Novice: 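Quick one: structure below, then a few questions.
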Amino acid sequence: MSRDGGTPDGWRVPQAPLGSSWRLSGRLWPTQREDPADAEAVSHKLAVRAGLVRQLAAGLYTIMPMGLRVLKRVERIMREEMDRIGAQEMLMPIMQPADIWEATGRYGLAEQYRFEDRSGRPMVLGMTHEEIITWHAAREIRSYRELPQMWYQIQTKERDEPRPKAGMLRVREFVMKDSYSLDRDEAGLEASYAAHSDAYARIFDRSGLVWYRVESDVGMMGGSGAHEYMAPSPAGEDVIARTADDSYAANVELARSVARDPDFGAAPAAPEEFATPGIGTIEELSAFTGLEPARLAKSVVVVADSGPVLCLVRGEHQLHEKKLAHIVGHHRAAHPEEIQEWFGAEPGSLGPVGLDGRVRVIADETIARGHYVTGANRDGFHLRGVVLGRDFQAETADIRTVLAGEGSPVDGRPIELVPVIEVGNIFKLGTKYSDPLGARYLDQDGREHAIVMGSYGIGPARIAMAAIEQGHDEHGIIWPRAIAPFDVHMVLIGDAESPQAEYAGRLYEQLSGLGLDVLLDDREGMSPGEKFVEAELLGCPLRITIGRRTLPEGPLEVQVRRGRERRDVPLEGAAYAIHRLWLSIG
RNA sequence: CGGGACGUGGCGCAGCCUGGUAGCGCACCGCCUUUGGGUGGCGGGGGUCCCCGGUUCGAAUCCGGGCGUCCCGACCA
């Protein structure tokens with residue numbers, strides 16, 4: 001399932017006004033003419049240039065007043081939608097006693113900030129709040145009559161990221177809307193999960209994002225099921241596999257596909273060894289043999305806790321580490337000396353035939369069909385016509401990465417790969433946290449059960465950054481209407497005593513009275529050109545220019561930021577006309 | 001954690017190779033000019049050249065160590 005950023009039928013998409021307008025003079029709004037030298041992502045460059053954020057250190061950003069307006073609007077949307085499904089807002093500490101994390105086995109994670117208080121008690125800074133919410137549930141919930149519950153907060157998270165990057169997209173400290181559902185049973189969890197799914201759809205739609213909901217790996221959260229909400233962007237760190245009609249969408253970390261088979265031709269009666277001097281890579285082997293990579297089997301050796309594992313995938317595919325980890329657990333690449341010992345050959349000439357049983361062999365499921373060229377476990381030689389089951393034995397599993405153009409596992413439609421920003425996720429936790437922390441309730445018959453939980457997160461700053469990634473041009477940001485810092489940006493040309501200023505002040509009050517958030521650029525000593533350039537950099541939906549040409553007859557020049565199209569509005573009834581125009585744009 | 005790059009007024013950069021006066025654009029201050037697309041002119045203020053140590057008569061520049069930031073990879077609710 002996915003939606004694009006439009007307004008779904010029947011859904012009202014109200015604005016999320018802050019109910020406050022600004023006169024710019026005297027305020028802190030530090031814009032920059034040039035991109036920051038370190039910035040790579042468009043959202044990073046524009047967020048800094050438009051005066052929304054300033055960097056304090058790696059992965060640590062101060063949100064400037066203009067940027068905070070955007071986040072407040074996103075948060076208002078989130079509050080409205082969470083409240084709509086009956087969730088209650090609360091606020092839990094960032095600083096937390098370590099022993100609660102020890103109970104769930106999550107104390108000591110590499111990204112966790114740990115320290116001691118003055119009395120020596122081990123503390124952590126919260127990466128998330130499952131432990132704390134469950135700790136409270138264990139103390140406050142006694143009876144089935146008190147379930148279900150949904151609790152949420154909008155609170156800072158702290159994670160010692162190995163590598164902060166892409167401006168605000170991966171940081172060490174960030175605000176998250178995190179919510180948690182408490183249910184009696186699995187059926188209750190399904191209902192809470194569905195309610196969140198609906199709320200999240202509304203939040204991302206109202207925020208004006210193009211987004212997809214995809215199947216995801218449960219990762220360190222654990223639990224029985226999970227989805228991620230992904231906003232397509234070249235700056236994204238994740239990749240999803242999806243079909244054009246959204247009949248299938250999944251994170252590539254677990255995406256499956258139907259590979260198309262090459263024309264294998266008849267297999268020889270037995271493998272045939274042939275010389276391949278100096279051939280080490282799939283590319284070289286493909287060129288040397290004249291066979292397409294899909295007819296070559298790639299051998300990758302890893303060392304799991306249980307011992308060496310030979311992994312076979314077709315030449316066109318990559319071994320997928322996470323899929324493999326689901327089968328063999330933690331593992332590492334093998335050292336050259338180990339490979340020499342187990343195979344008697346260099347990494348470029350390895351294969352599954354004739355191994356002595358010390359090595360576990362796992363073949364990708366595609367290898368079960370056809371016959372392949374593999375290494376001969378003899379330097380400078382390969383085998384052709386190698387058939388799984390006849391010439392070697394192996395477990396088969398899906399251990400390959402998905403390729404663009406392969407078929408969807410649902411109906412075979414072609415898959416495309418899309419880089420995305422993860423803007424939210426939802427998890428079915430089950431009793432993973434309620435069991436160790438003793439969050440239980442009594443049912444009607446007086447029997448004790450563990451509370452069945454779900455956890456749901458959204459990053460407001462990521463929504464804002466994804467919106468910039470998806471909405472900008474060479475002049476600056478183009479905000480979605482609902483999360484723009486202001487609805488209307490008025491450019492005043494003229495000093496404080498001018499008739500223009502007097503008129504601008506009246507219009508400012510009228511527009512604010514209609515519920516619009518208005519920014520009035522009443523700064524003096526700035527050229528009109530500078531004000532125009534900064535207005536387009538900031539990217540509010542509408543820009544109004546008030547100068548000598550405006551008075552006394554008008555018209556009022558209004559620019560729609562998206563497309564930079566000019567609309568003229570008569571002075572008579574201007575405020576209403578502008579409000580209507582604002583309503584009419586996306 | 002592996003690999004690479006960078007660190008010089010607030011921002012963006014040059015200078016470094018070949019050691020000796022720290023420079024440019026923007027921003028900032030003053031005066032004038034200008035008032036519908038980052039106006040134009042004149043005059044100014046501001047820099048521990050990331051830090052520590054070494055070489056040298058002399059270090060932004062050469063050498064060693066450290067720190068910081070970014071990028072690629074690994075990692076990542």
Side-chain angles (χ1 to χ4, degrees), chain A residues 30-41 44-45 48-49 51 54-60 104 106 109-112 126-131 157-167 169-172 174 176-180 216-223 226-229 235-238 251 253 321-322 325 330-333 421-429 432-433 454-459 462 475-476 491-495 498 500-501 521 523-537 543-551 556-557 559 564 566:
Chain A
T31 59
Q32 283 182 192
R33 192 177 293 235
E34 293 175 274
D35 288 335
D38 286 337
E40 206 69 26
H44 185 194
K45 292 175 182 174
V48 172
R49 285 188 54 208
R54 285 292 182 267
Q55 184 174 19
L56 175 66
L60 296 174
T104 59
R106 294 210 297 179
L109 294 177
E111 293 78 24
Q112 190 171 51
M127 315 168 58
T128 173
H129 282 76
E130 277 81 13
E131 274 77 0
K157 310 295 181 217
E158 305 280 350
R159 297 180 189 178
D160 196 357
E161 291 286 347
R163 189 184 159 201
K165 61 192 286 197
L169 287 178
R170 177 161 293 278
V171 292
R172 294 191 288 176
F174 60 98
M176 173 184 273
K177 188 291 301 173
D178 48 320
S179 48
Y180 307 88
S216 76
D217 199 18
V218 295
M220 83 174 192
M221 298 296 307
H227 289 84
E228 289 167 325
Y229 292 80
E237 296 187 277
D238 290 290
N251 194 312
E253 291 179 357
E321 299 291 340
K322 287 202 173 179
H330 177 260
H331 60 276
R332 61 168 171 83
I421 297 167
E422 181 185 351
V423 289
N425 51 35
I426 57 180
F427 293 89
K428 294 176 188 171
L429 298 176
K432 177 180 157 91
Y433 295 89
S455 132
Y456 317 86
I458 298 184
R462 281 200 176 174
H475 302 284
V491 172
L492 168 61
I493 303 167
D495 59 31
S498 62
Q500 301 94 278
D521 188 353
R523 294 174 297 179
E524 299 197 35
M526 282 186 79
S527 72
E530 274 179 290
K531 291 190 174 187
F532 290 137
V533 167
E534 292 196 346
E536 285 173 9
L537 179 60
R543 188 190 77 194
I544 301 175
T545 304
I546 297 164
R548 284 184 183 156
R549 294 182 199 165
T550 314
L551 302 175
L556 207 52
E557 182 191 324
Q559 186 206 58
R564 301 172 81 219
R566 176 176 168 166

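Throughout, a chain's letter reflects where its sequence line sits, starting with A, and its residues are numbered from 1. Keep in mind that what you see is a predicted model, and the values were worked out from it rather than measured.
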Novice: Looking across every strand, which nucleic acid part, if any, lies under 4.0 Å from A/Lys531 by heavy atom: base, sugar-phosphate, or nothing?
Specialist: nothing

Novice: Which whole number of Å gives the distance between the C1' atom of B/C16 and that of B/A22?
Specialist: 12 Å

Novice: Hey, which of these two, A/His44 or A/Arg564, hits RNA chain B nearer its 5' end, going by closest nucleotide?
Specialist: A/Arg564

Novice: Select one nucleotide: of B/G12, B/A27, B/G37, the one nearest the side-chain heavy atoms of A/Glu34.
Specialist: B/G12

Novice: Measure CD/A/Glu40 against P/B/C70 and give the value in whole Å, please.
Specialist: 12 Å

Novice: Examine the base of B/G73 for any acceptor or donor lying under 3.5 Å from a partner atom in the side chain of A/Arg163, and report the outcome as yes or no.
Specialist: yes

Novice: So A/Thr550, base contact, sugar-phosphate only, or nothing? Heavy-atom distance under 4.0 Å.
Specialist: base

Novice: Between the base of B/G38 and the side chain of A/Glu534, is there a donor and acceptor pair under 3.5 angstrom?
Specialist: yes

Novice: Could you tell me whether A/Gly547 contacts a base, only the sugar-phosphate backbone, or nothing, with contacts defined as non-hydrogen atoms closer than 4.0 Å?
Specialist: base

Novice: Please confirm whether the backbone N or O of A/Gln32 pairs with a side-chain atom of A/Arg49, one donor and one acceptor, at under 3.5 Å?
Specialist: yes

Novice: Heavy atoms under 4.0 Å, any strand shown: does A/Arg49 hit a base, just sugar-phosphate, or nothing?
Specialist: base

Novice: If you check the A/Ala57 side chain, which of B/A27, B/U69, B/C71 turns out closest?
Specialist: B/U69

Novice: Side chain of A/Lys165 only, please: which of B/G37, B/C13, B/C71 is the nearest?
Specialist: B/C71

Novice: Are side-chain heavy atoms of A/Gln500 and A/Ile493 found at a separation under 4.5 Å?
Specialist: no

Novice: Can you work out whether A/Asp35 or A/Arg549 has the more 5'-proximal nearest nucleotide on RNA chain B?
Specialist: A/Asp35

Novice: Look at the side chain of A/Glu161 and decide which nucleotide, out of B/G37, B/G12, B/C76, has an atom nearest to it.
Specialist: B/C76

Novice: At 4.0 Å (heavy atoms only), tell me whether A/Arg172 reaches a base, stays on the sugar-phosphate, or touches nothing.
Specialist: nothing

Novice: Heavy atoms, side chains only, cut-off 4.5 Å: are A/Ile546 and A/Leu556 in contact?
Specialist: yes

Novice: Looking only at the side chain of A/Ala58 (C-beta and beyond, no hydrogens), which of the listed nucleotides B/G12, B/U69, B/G37 gets closest?
Specialist: B/U69

Novice: Roughly how far apart, to the nearest Å, are B/G53 and B/C67 at atom C1'?
Specialist: 14 Å

Novice: Looking at B/C71, B/A74, B/C70, which one has an atom nearest to any side-chain atom of A/Asp38?
Specialist: B/C70

Novice: Students often get this wrong, so: under 4.0 angstrom with heavy atoms, is A/Gln55 touching a base, only sugar-phosphate, or nothing?
Specialist: sugar-phosphate

Novice: Nearest to the side chain of A/Arg170 - B/U69, B/C76, B/C71?
Specialist: B/C76

Novice: Under 4.0 Å, heavy atoms only, any strand: does A/Ala39 hit a base, just the sugar-phosphate, or nothing?
Specialist: nothing

Novice: Answer with base, sugar-phosphate or nothing: what part of the nucleic acid does A/Ala166 contact at a heavy-atom distance below 4.0 Å?
Specialist: sugar-phosphate

Novice: Does A/Arg523 come within less than 4.0 Å of A/Glu530, counting only side-chain N to carboxylate O?
Specialist: no

Novice: Check every strand shown and say whether A/Phe174 touches a base, only sugar-phosphate, or nothing at a heavy-atom separation below 4.0 Å.
Specialist: base

Novice: Assess, by modelled atom type and distance only, whether the side chains of A/Arg106 and A/Tyr433 contain a donor and an acceptor separated by less than 3.5 Å.
Specialist: yes

Novice: Quick check for you: among B/G37, B/C26, B/U39, whose closest atom lies nearest to any side-chain atom of A/Ser527?
Specialist: B/U39

Novice: Can you give me the closest heavy-atom contact between A/Arg172 and A/Ala57, atom names plus distance?
Specialist: NH2-CB, 4.4 Å

Novice: State whether the distance check finds a donor on one side and an acceptor on the other, under 3.5 Å, for side chain A/Glu530 versus base B/G37.
Specialist: no

